[in-house]
Student: 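Structure below; questions to follow.
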Amino acid sequence: MTGWKAQLSGSQRPLLVGTGVTVAAAAALTVSLWPNGGNSAMTQQPTDPPAASPSPSRTYPMSTTPRTIPAVREHTPARGPGWRPAGGSRVVVNDADLADEGRLLAGELKLRYAGTGEARAGDVQLALTDEKAGAESYTMAVKDGRVRISGPADAGVFYGTRTLKQAVRADGAAPEGVVRDSPAKPQRGFMLDIARKHFTAGWIEDRIRELGDLKYNQLGLHFSDDQGFRIESDKHPEVVSEQHLTKAEVRRILDLAESRHITVVPEIDSPGHLGAVLDAHPELQLRSASGSAPQGTIDISKPAAADLVDELLNEYAELFPGRYWHLGADEYRALMVSNPEATYPQLAAAAQKKYGANAGVADLATGWLNDRAKLMRGHDRTTRAWNDGFFAGGAVQAADDIQVAYWTGKEIGAREPAEYLRAGREVINYNDEYLYYVLGQPNQFVYPTGQRIYEQWTPLVLRGTTPVSKEYDDQILGGSFAVWCDLANSQTQDQVASGIRMPLRALGQKLWDPRTPGASWGEFTELAQKLD
């Protein structure tokens, strides 16, 4: 969320020359032919040695690591011509489950997709294996004029095809040798606020293609807020904004995301940020003892409030098949006053009735979160909520399996990240200092830069600029870049796409590989331009 509070207040060899050639005799300048029909760059090659001591392995220089974003984590170099697309080259698979990946890669590299079969000279083979490794890991071997991309699951094989595509885009060829690669973090996301600003389905689909090439695996859609409700509803059409995505458009988005191994994570934020829903259901608006009505705040003491939100959650659980669901839970304005119990006595009475005499409004809000999580658990979803929706102490605690989307330390209820981690909670990093792109830059937000993420941020930096202890690294599941549209008309869709381009690339690098990047920011930027 974006902040109510601010509004309220190489091997050992003999001597080699630069091209990797042994200085053993006078050298002749020759052109090496690629096995699949192309020509390599001119290289220095030795004259024919005596028949008794041939040196064919020294015809080529030692290969260099393929240039990709994110960078591959391990490459074993070798001597050889590498591989480049050529006439007659094909993409083949060893399992029909890889047909989609095979067809996509063939179209991108202008090759022929030949279905299941054995690879021959010049081909790319995609293969599922029974190796014991993570589902997103892969191996890419370039040898004998062929490429073999393998992994234990189709997601990893897909990421291998992204590496091949980028290597060819960057340098015209995939270098000889073996890449072994896998992500450091299991959740690598981009979140888009489509509630405050309508984004077209085509624009979202373009972002999915971009995210897929960068090896992201989540797209968050925050589609309900005070300013709009942006996806067609059959159960409650009265809450839907005039500009919205149809369910048919959403299904096309979901199909494209699935083809890129991206899970779409929906968010209906409650019990705050429900203004668009309450515009159609004013009878559920929270009112104080004096009659004031804080924007977007539903009265959680009313059973009809839970019924309405649950009907929406059930409806969209049928539309979105992904594993994850975001429940919001932040910035409930009943808890953003000095004395919630006195200001909203109906909430205090409901809390005491349900949870005992010592319960307060925060307990009622936590119970609301737990009830929604229980509902989504019935749909086999893993839920998450914003960190300021988790309250310390009290009669009721948030369920242990709700993941913490940590975005800020500025809001009421927000605590230091280590408090959540010490409690054993799993956390996703949405740090608003680095990863929040808020249109119009209100409330002291500044558009984040890719360079700052690339040079300063790591997943351990959950709040501000200070990292938490490395002992918590495994509990930090990953991170997400977030676009919030507080001042929706401040930028067009195209301006947003341009503004988030390098931050997305930088974040993708830092979530994939935990090491300090080997390339400078200038080199990284230059490569990004070449890959686009």
Student: Do Asp269 and His326 have side-chain N/O donor and acceptor atoms under 3.5 Å apart?
Tutor: no
Student: With the threshold set at 4.0 Å, does a side-chain nitrogen-carboxylate oxygen contact exist between Asp234 and Lys247?
Tutor: yes
Student: Output the distance between atom CD (Gln509) and atom CG (Leu214), rounded to the nearest 0.5 Å.
Tutor: 10.5 Å
Student: Find out whether Trp203 and Ile194 are in side-chain contact, i.e. whether some heavy atom of one side chain is under 4.5 Å from a heavy atom of the other.
Tutor: no
Student: Does atom CG of Asp307 have more than 12 heavy-atom neighbours from other groups under 6.0 Å away?
Tutor: yes
Student: Can you tell me if CD on Glu283 sees more than 12 non-hydrogen neighbours from other groups inside 6.0 Å?
Tutor: yes
Student: Can you see whether Phe524 has Arg505 sitting over its ring - NZ or CZ less than 6.0 Å from the centre and within 45° of the normal?
Tutor: no
Student: With rounding to the nearest 0.5 Å, note down the distance linking OH in Tyr420 to CZ in Arg463.
Tutor: 8.5 Å
Student: May I ask you to decide whether Arg196 forms a salt bridge with Asp226, counting only side-chain N to carboxylate O separations under 4.0 Å?
Tutor: no
Student: Could you tell me whether a side-chain N or O of Gln403 sits under 3.5 Å from a main-chain N or O of Glu426, the two making a donor and an acceptor?
Tutor: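 A pair under 3.5 Å: no.
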Student: Just by distance, with hydrogens left out, do His198 and Gln493 show a side-chain donor and acceptor under 3.5 Å apart?
Tutor: no
Student: Among side-chain atoms of Asn429 and Trp407, is any donor-acceptor pair under 3.5 angstrom?
Tutor: no
Student: Could you go through Phe190 and Gln218, starting from their C-alpha distance and side-chain angles, then the distance that decides it, and tell me whether this counts as side-chain contact (heavy atoms from CB on, under 4.5 Å)?
Tutor: CA-CA 6 Å; Phe190 167 61; Gln218 289 184 10; over 6 Å; no
Student: Regarding Lys215 and the six-membered ring of Trp512, is the cationic atom NZ or CZ under 6.0 Å from the ring centre and inside 45° of its axis?
Tutor: yes
Student: Okay, side chain of Glu249, backbone of Thr246: is any donor-acceptor separation there less than 3.5 Å?
Tutor: yes
Student: Using only heavy-atom distances, determine whether the side chains of Glu131 and Thr129 contain a donor-acceptor pair under 3.5 Å.
Tutor: yes
Student: Testing the basics here: between Val468 and Pro417, what is the closest heavy-atom pair and its distance to 0.1 Å?
Tutor: CG1-CB, 3.9 Å
Student: I'd like to know if Arg209 pairs up with Asp206 as an ion pair, taking the criterion as any Lys NZ or Arg NE/NH1/NH2 lying under 4.0 Å from an Asp or Glu carboxylate oxygen.
Tutor: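 A salt bridge links Arg209 with Asp206.
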Student: Are a donor atom and an acceptor atom from the side chains of Glu315 and Ser233 found within less than 3.5 Å of each other?
Tutor: yes
Student: Mark yes or no: Lys235 above the aromatic ring of Tyr316, with NZ or CZ under 6.0 Å from the six-membered ring centre and no more than 45 degrees from the axis.
Tutor: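 That pair does not qualify as a cation-pi contact.
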Student: Pick one: which of Arg381, Arg377, Arg425 meets salt bridge (charged side-chain N to carboxylate O under 4.0 Å, His left out) with Asp401?
Tutor: Arg377
Student: Are Thr525 and Trp521 side-chain neighbours, meaning at least one heavy-atom pair lies under 4.5 Å?
Tutor: yes
Student: Would Tyr436 and Tyr430 satisfy ring pair (Phe, Tyr, Trp, His ring centres under 6.0 Å), going step by step from the backbone distance to the final call?
Tutor: CA-CA 7 Å; Tyr436 261 35; Tyr430 288 78; 7.3 Å; no
Student: Hey, are Asp363 and Tyr355 close enough side-chain-wise for a donor-acceptor pair under 3.5 Å?
Tutor: no
Student: Does some side-chain heavy atom of Pro442 sit less than 4.5 Å from a side-chain heavy atom of Trp484?
Tutor: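 No, their side chains stay 4.5 Å or more apart.
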Student: Would Arg384 pass as a cation-pi partner of Tyr324, given that its NZ or CZ must be under 6.0 Å from the six-membered ring centre and within 45 degrees of the axis?
Tutor: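 Because its charged atom sits under 6.0 Å from the ring centre and within 45° of the axis, Arg384 does stack over Tyr324.
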Student: Is the closest side-chain heavy-atom distance between Thr263 and Leu219 below 4.5 Å?
Tutor: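 Side chain of Thr263 against side chain of Leu219, heavy atoms only: no contact under 4.5 Å found.
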Student: Under 4.0 Å between a side-chain nitrogen and a carboxylate oxygen: does that hold for Asp310 and Arg372?
Tutor: yes
Student: Do Thr366 and Gln397 have side chains that get closer than 4.5 Å, going by heavy atoms?
Tutor: no
Student: Look at Arg422 together with Glu419 and state whether they make a salt bridge at an N to O cut-off of under 4.0 Å.
Tutor: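 The answer is no: the pair does not qualify as a salt bridge.
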Student: With distance as the sole test, does Gln285 use its side chain to make a donor-acceptor pair with the main-chain N or O of Ile298 at under 3.5 Å?
Tutor: no
Student: Side-chain donor-acceptor pair under 3.5 Å between Trp325 and Thr382, yes or no?
Tutor: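 No, no side-chain donor-acceptor pair sits under 3.5 Å.
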Student: Between the main-chain N or O of Pro514 and the side-chain N or O of Lys185, is there a donor-acceptor pair closer than 3.5 Å?
Tutor: no
Student: For the residue pair Arg452 and Tyr434, would you count it as a cation-pi contact if the rule is NZ or CZ under 6.0 angstrom from the ring centre and within 45 degrees of the ring axis?
Tutor: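 Checked: cation-pi criterion met.
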Student: Could you tell me whether the side chain of Leu347 reaches within less than 4.5 Å of the side chain of Asp299, counting heavy atoms only?
Tutor: yes
Student: Is there a side-chain contact between Gln495 and Ile500, using heavy atoms and a 4.5 Å cut-off?
Tutor: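 The answer is no; the side chains never approach within 4.5 Å.
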Student: Report, as yes or no, whether the 6.0 Å neighbourhood of atom CD on Glu471 holds more than 12 heavy atoms from other residues, nucleotides or ligands.
Tutor: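 Yes, because the 6.0 Å sphere around CD of Glu471 holds more than 12 heavy atoms from other groups.
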Student: Check step by step if side chain to side chain donor-acceptor pair (under 3.5 Å) holds for Ser259 and Asp100.
Tutor: CA-CA 7 Å; Ser259 75; Asp100 290 343; over 6 Å; no
Student: Between Thr449 and Tyr454, does any side-chain donor sit less than 3.5 Å from a side-chain acceptor?
Tutor: no
Student: Stepwise, does the side chain to side chain donor-acceptor pair (under 3.5 Å) test hold for Gln166 with Asp213?
Tutor: CA-CA 8 Å; Gln166 289 193 15; Asp213 281 356; 5.8 Å; no
Student: A side-chain contact here means heavy atoms from C-beta on lying under 4.5 Å apart; do Arg251 and Phe320 qualify?
Tutor: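 Side chain of Arg251 against side chain of Phe320, heavy atoms only: no contact under 4.5 Å found.
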Student: Ser241 and Gln243: side-chain donor and acceptor closer than 3.5 Å?
Tutor: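 Note: Ser241 and Gln243 side chains miss the donor-acceptor criterion.
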Student: Using a distance-only test with no angle check, is there a side-chain donor-acceptor pair under 3.5 angstrom linking Thr492 and Asp494?
Tutor: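 Side-chain D/A pair, Thr492 to Asp494: absent.
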Student: Any carboxylate oxygen within less than 4.0 angstrom of a Lys/Arg side-chain nitrogen, looking at Glu136 and Arg188?
Tutor: yes
Student: Classify the ring geometry of Phe229 against Phe223: parallel below 30°, tilted from 30° to 60°, perpendicular beyond 60°.
Tutor: perpendicular
Student: Hey, what do you get for CD (Glu205) to CG (Asp255), rounding to the nearest 0.5 Å?
Tutor: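 Here the rounded value is 9.5 Å.
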Student: Under 6.0 Å from the six-membered ring centre of Tyr159 and within 45° of its axis: does the NZ or CZ of Lys165 meet both?
Tutor: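 No, Lys165 does not lie over the aromatic ring of Tyr159.
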Student: To the closest 0.5 Å, what do you measure between CD (Gln187) and CD1 (Ile428)?
Tutor: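 Between atom CD of Gln187 and atom CD1 of Ile428 there are 4.5 Å.
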